[in-house]
Amino acid sequence: MLAERLIGTFLVRRIGDRQRLARIVETEAYVGPEDLASHSSRGRTKRTEVMFGPAGHAYVYFIYGMYDMLNIVAGKTGSGQAVLIRAAEPIGWEADLSGPGKLARELRITRAQNGLDLTTSGELFLRVPSAGTIKIVRSKRIGIDYAEHWKHALLRFTDPASKALSRP
DNA sequence: GCGTCGATGGCA
DNA sequence: GCCATCGACGCG
């Protein structure tokens, strides 16, 4: 599952000649149109279009009138799956990335990055760590109590050793 | 330390 | 009307 593999992966953000690095420590999987917590369960719309595109691209949406959220499209093209990046540890700089809203704000990620291919080097991309296996804990997703039985699914992945989680 | 609530705008 | 959030506030 991509959401699990992304724990420990580095996110690279380049703005001008500046580069900021962050280690992903918390993710959530939204597994397709049948998942009532997933935006793709509302069908294919202008907003969710990139969710149905190829994996590895950014799906960035705006919510609560003030926050952008970074997701990474997952699964086969057309499957409508995505992974929400909920928290990360800044590497080589100081910031609080312990929540999806804060993470996007601090990394200057907005809908301007929607659809970006994150698998190739550019203004925003992923860098897979060379090695290392870490313990990963599964738990319930946050903020989706409306999603009927899907709210119980253990689709949140965390590195329990991190101090940058949005919640334990 | 907790729970509650307002901000703020795009979306269906 | 609701929302994959955050931060401020009141409590005692």
Side-chain angles (χ1 to χ4, degrees), chain A residues 1-9 11 13 20 22-90 93-116 118 124 126 136-160 162-168:
Chain A
M1 193 156 228
L2 180 64
E4 185 168 19
R5 291 198 300 127
L6 284 172
I7 300 297
T9 294
L11 195 57
R13 178 67 168 127
R20 284 167 173 174
R23 178 179 175 274
I24 297 169
V25 297
E26 176 177 345
T27 63
E28 282 177 1
Y30 290 82
V31 301
E34 71 276 18
D35 177 358
L36 296 178
S38 175
H39 290 173
S40 59
S41 69
R42 307 288 207 130
R44 202 164 173 150
T45 67
K46 186 164 194 172
R47 179 176 66 154
T48 61
E49 187 59 31
V50 303
M51 282 189 88
F52 294 90
H57 287 241
Y59 165 46
V60 185
Y61 66 88
F62 185 67
I63 194 167
Y64 297 125
M66 55 185 100
Y67 299 106
D68 284 288
M69 302 281 199
L70 171 64
N71 298 248
I72 299 174
V73 178
K76 276 180 43 188
T77 295
S79 61
Q81 298 181 224
V83 178
L84 172 65
I85 308 302
R86 287 194 55 90
E89 296 172 346
W93 56 297
E94 294 292 322
D96 178 5
L97 310 179
S98 64
K102 290 188 274 191
L103 183 148
R105 186 179 68 208
E106 298 300 311
L107 288 172
R108 311 281 183 89
I109 294 168
T110 69
R111 284 162 291 172
Q113 281 72 48
N114 191 39
L116 255 192
L118 305 185
L124 180 66
L126 296 166
I136 292 174
V137 168
R138 296 180 70 140
S139 53
K140 294 179 185 178
R141 294 175 292 182
I142 294 168
I144 55 145
D145 286 348
Y146 61 86
E148 299 178 24
H149 67 280
W150 283 95
K151 73 180 179 189
H152 304 301
L154 301 178
L155 292 172
R156 174 173 178 251
F157 299 82
T158 57
D159 168 1
S162 177
K163 279 176 274 187
L165 301 180
S166 68
R167 334 178 357 178

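Within every chain, numbering begins at 1; the chains are lettered A, B, ... in the order of the sequence lines, protein sequences first and strands thereafter.
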**Fill in**
Sequence neighbours excluded, the answer for side chain to side chain contact (heavy atoms under 4.5 Å, CB included) partners of A:Thr110 is A:Asp68, A:Ala112, A:Gln113
**Asked** Which residues satisfy the side chain to side chain contact (heavy atoms under 4.5 Å, CB included) test with A:Ile63, sequence neighbours excluded?
**Response** A:Tyr61, A:Tyr67, A:Met69
Side chain proximity check, [X] to [Y], heavy atoms < 4.5 angstrom:
| X | Y | value |
| --- | --- | --- |
| A:Lys140 | A:Leu154 | yes |
| A:Arg86 | A:Ile142 | yes |
| A:Leu124 | A:Arg13 | yes |
| A:Asp159 | A:Arg23 | yes |
| A:Leu36 | A:Glu148 | yes |
| A:Ser166 | A:Arg156 | yes |

**Message:** Which is more 5' along DNA chain C, the nucleotide nearest A:Asp96 or the one nearest A:Gly143? Just name the residue.
**Reply:**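 The residue whose closest nucleotide sits nearer the 5' end is A:Gly143.
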Could I get a table of every N or O pair under 3.5 Å where one atom is in the protein and the other is in nucleotides 7-12 of chain B?
unit_1: B:dT8; atom_1: O2; unit_2: A:Tyr64; atom_2: O; d: 2.2
unit_1: B:dG9; atom_1: N2; unit_2: A:Tyr64; atom_2: N; d: 3.3
unit_1: B:dG9; atom_1: N3; unit_2: A:Gly65; atom_2: N; d: 3.4
unit_1: B:dA12; atom_1: OP1; unit_2: A:Thr45; atom_2: OG1; d: 2.5

**Any donor-acceptor N or O pair under 3.5 Å, side chains A:Ser41, A:Ser38** =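 There is no such pair between these side chains.
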**Asked** Under 4.0 angstrom, heavy atoms only, what part of the nucleic acid is A:Arg105 near: base, sugar-phosphate, or nothing?
**Response** sugar-phosphate
**Message:** Just to be sure I understand the geometry, which residues of residues 23-40 of chain A put a non-hydrogen atom under 4.0 Å away from DNA chain C?
**Reply:**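 A:Tyr30, A:Ala37, A:His39, in order of number.
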**Asked** Looking at A:Ala29 and A:Phe157, what are the two nearest heavy atoms and their distance?
**Response**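 Between these two residues, the closest heavy atoms are CB-CE1, 4.4 Å.
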**Item:** Minimum heavy-atom distance between A:Gly75 and A:Ala55, given as atom pair plus value
**Value:**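 Smallest interatomic distance, heavy atoms only, reads O-CB, 3.5 Å.
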**Asked** About how many Å separate OG1 of A:Thr45 and NE2 of A:His39, when rounded to the nearest 0.5 Å?
**Response** 9.5 Å
**From A:Tyr59 atom OH to A:Phe52 atom CZ, the distance as rounded to the nearest 0.5 Å** =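 Reported value, rounded in 0.5 Å steps: 9.5 Å.
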**Asked** How does DNA chain C look in dot-bracket notation if pairs are Watson-Crick or G-U with both distances under 3.5 Å, crossing ones as [ ], other-strand ones as |?
**Response** |||.|||||||.
**Asked** Between which nucleotides of DNA chain C, 5' to 3', does chain A make heavy-atom contacts below 4.0 Å?
**Response** C:dC3 to C:dG7
